[in-house]
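Not measured: the values here are computed from a predicted model. The chains referred to below are lettered A, B, ... by the order of the sequence lines, with proteins before strands, and numbering in each begins at 1.
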Amino acid sequence: MSTQPVTSEYMLLFRGMHWDKNLSPEEIQNVMSRWIAWFDRLTQEGKAKAGQPLTEKGKIISGKKGQKVVDGPFAESKESIAGYILLQAATLDEAVKIAKECPGLDYGISVEVRLVDQQIGRGFAVSV
Amino acid sequence: MKKPQDTGHSPPSGEISQLTEHLFRQEAGKLVSVLTGIFGIDRLQLAEDVVQEALIRALQTWPYYGVPNNPAAWLTQTAKNLALDLIRREKLFRDKQPEIVATTEQWSVDSSPDDSPLFDTEIKDGHLRLMFACCHPLMVEEEQTVLALKTLCGFSAAEIAKAFLATEAAIAKRLTRARQKIRELRIPFEIPSGEELAIRLDGVLQTLYLLFNEGYKASSGASLVREELCHEAIRLALLLAEHPAGNRPRIHALIALMLLNTARFPTRTDTDGNILRLKEQDRSRWDRAMIARGMFHLLQSAEGDEVSDYHLQAGIAACHCAAKDYESTDWPQILSLYNRLVEFDDSPVVALNRAVAVANVDGPTAGIDAVKAIRNRAKLSSYYLLYAVLGELEVQLDHLQTAADHFRISLKLTEIKSEKMFLSKRLQACEEQTAKGR
């Protein structure tokens, strides 16, 4: 139906495996509770479709026919992806706006916003 | 026996299990105690690191899946797994490894952390052992309180720094020194027994008392952290009182004095953070339930014929809590308690408080005389409350200029904003009155 607004899927990638090591237990609980509330709200609004954490364990496969396999895909843990949320948003601006609400931003986490698109070549990335 | 999957995640939508307030902080304290029992007290830092890592793991996964049904069990299980990984990896545990691994595995096989009394006892014992270690007589006061706050209560160096008005670096340094001392002096990780117990227990009570006082002092911006210190001191004291080794009249007296004073916490300042004096406080907002608990412990403290300074201080706090308004305060009773308290404790601060009681019984002149008669009064010369008390008493005698002088000195001696504001107002009132009188 054409009354349905056109939305696209966006991926929020959370970069940074290592949270600020000096966070106190109280702060950890606090930022986590806020994150859960944030994710929950997005889910209820129908904006968050899925979300998963990613562990540090993994392998990089590269080269022709994948003959090169390297342990630990992450060159630098600061860069590594700690998890993702799949968003349903009207515009990139809206997705970025949501990304900016991420409670981890103040504690060493950065968020990358990517358009998930069938048409190769139209995707682009924005970091907040 | 509970399997780990029983503590599985709830989906993020719909019902979210709410985390109990301060759960992480309190679990951190428990887990550090238990892990210290496993690693040995000389590896206290290691236990702290493992617990921190377990909390961070929660932070890495719970946001996506929601809070597990039993968050405490999840944290315990994760800390245990991390500890086992570490033990298998680290050379320093090689000799003790089989033994440690067996103990650690026992930890979850025999009991689930949430409902087994066995594990509960283990945690409590660990907590008390660590408490006795932190408060060991070989540790100096400042190390005791800081280490207790870090390890037993799960405060970070930054949070402790806020409460003590110190820099984070200074607190971190103190912590390092304290841990080092525990290692070097081979301070035992045990609940003392026999004759040693009574002496060591006094040390623990003293530390808890200091912890409480640190929190009770008039607050600066970080008032929340300070209030937390009071609650932590009470929590640890209750834990100690539950154990046969700690169940003594004097600890009940300490608990009573802490509860009875904390009950007045919400009314000590107005909504703008201004200090309210006892006579200005809204007594209907005192925490009645807490007062009742305080009175219950006061009753328990009366067993036997022991009277400690905690008994007397609890008695004084009880007099205030029992008075329905300021006017009906039983000052003669308070004064008689102070008269006995000064016999225990020749601190000039106690004597200054006694002088306030004297003034309430025999009038401001008698109060001023009592201040003048304080032995070792020189020690108070830079204590802002000495001048604040004198100022108040001079106001009552209508000696407004003298009072103003006292308030001016007092103002210079405190750094705390709410105290400064309070004293400025008192000073201003004196000056206005004086101007009118001319």
Rounded to the nearest 0.5 Å, how far does [atom2] of [Y] lie from [atom1] of [X]?
| X | Y | atom1 | atom2 | answer |
| --- | --- | --- | --- | --- |
| Leu55(B) | Ile28(A) | CG | CD1 | 4.5 Å |
| Gln60(B) | Trp35(A) | CD | CH2 | 10.0 Å |
| Ser33(A) | Trp62(B) | OG | CH2 | 9.0 Å |
| Thr61(B) | Leu54(A) | OG1 | CG | 12.0 Å |

- Message: Taking every non-hydrogen pair under 4.5 Å, which of Gln52(A), Met32(A), Gln29(A) racks up the most with chain B?
- Response: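 The candidate making the most pairs under 4.5 Å is Gln29(A).
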Give the minimum heavy-atom separation between [X] and [Y], together with the two atoms involved.
| X | Y | answer |
| --- | --- | --- |
| Ile36(A) | Pro63(B) | CG1-CA, 3.7 Å |
| Leu23(A) | Gln52(B) | O-NE2, 2.7 Å |
| Pro25(A) | Ala28(B) | CG-CB, 4.0 Å |

- Task: With a 4.5 angstrom heavy-atom cut-off, could you sort out which part of Glu168(B) is near chain A: side chain, backbone, both or neither?
- Result: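 Contact with chain A is absent: no heavy atom of Glu168(B) under 4.5 Å.
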- Query: Is it the backbone or the side chain of Phe14(A) that comes under 4.5 Å from a heavy atom of chain B, or both, or neither?
  - Reply: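 It is the side chain, since no backbone atom gets that close.
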- Return yes when atom CD of Glu21(B) has more than 12 non-hydrogen atoms of other residues, nucleotides or ligands closer than 6.0 Å, and no otherwise.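 No - once you tally the heavy atoms of other residues, nucleotides and ligands closer than 6.0 Å, there are 12 at most.
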